[in-house]
Amino acid sequence: MNMPMLASHPLIQRLTLIWSLRDRRLSLWAALVGLVAAVLITLVWLAGRYEASQVQSTLERDTSDAVNDIRSGLMRDVQALQALQANHNSTQTWSLGAGSLLREHRDWLRMEWRDAQMQLLTHMDSPLRAPSFGRTPRSNALNEITQACQKARRSNGPAYSASYFVPQENGLGFEVMDLCLPWVVAGETLGYSITSYSLQEIMAEHLSPVFARRNEVSFTEPDGARLAIIGQRGRGVRLFSAHQLLDLPGLTLMLRVDGRRGAPDLFPNVLTALVTAMSIALVSVLVLLVKDSRRRLRAERDLAEALAFRKAMEDSLVTGLRARDLQGRITYVNPAFCQMVGFEAAELLGRNNPMPYWPPEMVGEYQQRQAIRLAGNAPPREGYESVFMRKDGTHISVLIIEAPLINVLGQQTGWMSAFLDITEQRRVEELSRASQERLQATARLATVGEMASLLSHELNQPLAAIASYANGSLNLLQPPEPHDTAHTLADLRLALQRIAEQAGRAGKVINSVHDFVRRRDQDREAVMPQALVDAIMPLVQLQARKLGVRVMIQLDKGLPAVWCDRTMVEQVLLNLARNGMQAMDAPDCTLRNLYIQARRAASNRQHQWVELSVTDLGCGISEDVAAQLFNPFFTTKAEGMGLGLSLCRTVVEQHGGHLEFEPHAPRGTVFRFTLPVQPTAH
Ligand code: ADP
């Protein structure tokens, strides 16, 4: 097979189709799994981002709160300073007030009171720490302070200086900014109060400890350089940062908050977990559904295959099938049945009696039969014969085998019948029966022909007797000598009587042959075995006398009548008797007895049998002959036809019996056959 042919092979095409379907299914599955995975990953990622943005915005909010806290703290500081200015106009009282303020504010490092020319009038360092400006002269910062104060005077309000670094004794240092508040009385600036802030302490003072613990908070310059830091970044994988400007008069600082937070979990929140769980459940349900549908598909395919097989089987059956429900309505017919009766299935389904295929003349009988069936009587298992009529009016013989239709629950739902068209079989049987009959008639004629010689021999005696009586009578009537008339008349009467007797005897002989040849009763009838034997006896005797055979009849007493085709069985008996007598027609056969016997044979419940046998003491049957005995036209006799035994067997078997033979001791042969006893009720 070359490649293109291979590809066009239906099986290959089917396989290719299955493969391509499988490929498609696999890619669909892959797409589904990919999509679900993508959705899940996107969901987790979005949820992570959402959480991060939540954290970020919280941090932003906290940062802006922190800036507000610091700003308002600084505002309060300004108010406290303004109160100090208003209440203390001498350096002594100022110092007192300043001392208490410095104690209250940890972020204040130092307070100065300067006059309008920026000359220091008095100052006070924070009592809470070592003096911060011990190492560097205060004049280093004067520039920043002066600038701040100029701004303050211009705006007639507080102003802050740029921050600057103040180194300390221990090698460290901190960033400091100054607040300058002008002292204005009646529009004239009398001096300035200057407060130095530690940037770090500002944060420590104004921010909540919790906030500082969780985050690293720092003041930075706009370029990002850190000026002061408090707190720690905290633990966590991810760093979040927020910036917020702290806009003060004269100074802008950037508050930067850095905090570490844990990375979002794989399932960062309930929503994602819920969606994931639902997706998994969805996929599982989908898988189960697919499995279920595949199982269903497989079951459907199996069912379809089984149905197709059943249909193919029903369609290819030559036996007609018909199902009827319990009311006798046709519920199913197969194509063979439709073909048998010539009706379409649609014309038959749902029909009840009388069925369209019943011959009109039989409707009554069939209706009765159906009534019996519907009453629950099961038909014979071996089936029964019936005649149907095709749609075109022709008759068909059918063998019907019917059985109850039992459903899965074991209940009878109707009747199922199988039909065999036996029309042809019946026709052949009829033909063979006719030819058999013709053959038998021929055989009978042959027998008659054979008997013609016997007849002539048999008729010789009465005819000779008649002739001699007639001659004697004639002699009596001769006139020459006077006779005693009365005596003569008596003699004549006797002679004529004898003549009549002999003529009667001859007539009987001829009649017996005539009867035998002419009688033809087809039907079976009850016949007593005795009657059968009696009927053939005249013919048997004809031959027996010729061959010097003694015929002995031994019939058991009280034998029942047999049910048979009388003519046929008589011929069987006659054939056997004739064969027996011929077998004894040999010079060495001195004892020539022929026994015709009848007795009851072994019977069973259904059938009783009578056995008839014909026994001769003749030459017996050699093995060669025995092998061909029943072959038609086998004969060892010059004038024989060889049909006798084969016909005998056919006849006996037609009656249901069988014919057999066996040697008879000390010599001769026994032929036996059985016939059914007349049934008691038919
Ligand atoms: P036919 O009598 O015309 O020869 P049959 O079929 O009756 O035909 O017999 C066939 C042959 O069987 C006979 O020719 C004979 O040789 C043999 N045969 C039949 N019956 C006997 C018998 N009782 N004894 C011996 N031979 C027999």
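Basis for what follows: all heavy atoms, side chains included, without hydrogens, waters or symmetry-related copies. Throughout, residue positions are numbered sequentially from 1 according to the sequence presented.
In terms of modelled atom types and a separation under 3.5 Å, the side chain of Asp325 and the main chain of Gly414 share no donor-acceptor contact.
For Arg427, the side-chain contact (heavy atoms from CB on, under 4.5 Å) partners are Glu424, Leu431, not counting sequence neighbours. When the side-chain hydrogen bond (donor to acceptor under 3.5 Å, both in side chains) test is applied to Gln530, the partners found at least two apart in sequence or on another chain are Asp534.
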Checklist entry - What's the verdict on side-chain contact (heavy atoms from CB on, under 4.5 Å) for Leu594 and Val614, showing C-alpha distance, side-chain angles and the deciding distance? => result CA-CA 7 Å; Leu594 184 81; Val614 178; 3.9 Å; yes

Next on the checklist: Using the rule given for side-chain contact (heavy atoms from CB on, under 4.5 Å), can you reason through Gln411 versus Ile406, listing the C-alpha separation, both sets of side-chain angles and the distance that settles it, and then say yes or no?
Outcome noted: CA-CA 5 Å; Gln411 295 159 340; Ile406 310 288; over 6 Å; no

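Note on ring orientation: taking the six-membered ring where Trp is involved, the planes of Phe661 and Phe630 are tilted (angle from 30° to 60°).
Atom CG in Leu46 sits 12.0 Å away from atom CD1 in Ile41 (nearest 0.5 Å). Distance check, rounded to the nearest 0.5 Å: OG1 of Thr650 to CD of Glu653 gives 7.0 Å.
Nearest heavy-atom pair across Gln554 and Gln597 is OE1-NE2, 2.5 Å.
Under the 6.0 Å cut-off for aromatic ring centres, Phe419 and Phe388 qualify, their centroids lying closer than that. Separation of the Phe337 and Tyr357 ring centroids falls under the 6.0 Å cut-off.
We find that Arg649 and Glu660 are not joined by a salt bridge, their nearest charged nitrogen and carboxylate oxygen being 4.0 Å or further apart.
Counting only N and O atoms by type, the side chains of Ser417 and Arg322 include a donor and acceptor under 3.5 Å apart. In summary, the side chains of Ser386 and Tyr366 do present a donor paired with an acceptor at a separation below 3.5 Å, with no hydrogens or angles considered. Side-chain contact annotation: Lys637 with Asn579, donor-acceptor N/O pair under 3.5 Å present. Asp392 and Thr394 share a side-chain donor-acceptor pair at under 3.5 Å. Tyr332 and Glu314 form a side-chain donor-acceptor contact under 3.5 Å, judged by distance and modelled atom types alone.
In this structure, the side chains of Pro676 and Trp609 come closer than 4.5 Å at one or more pairs of heavy atoms.
For CD of Glu344, the number of neighbouring non-hydrogen atoms (other residues, nucleotides, ligands) closer than 6.0 Å is 12 at most. More than 12 heavy atoms of other residues, nucleotides or ligands sit less than 6.0 Å from atom CD of Glu361.
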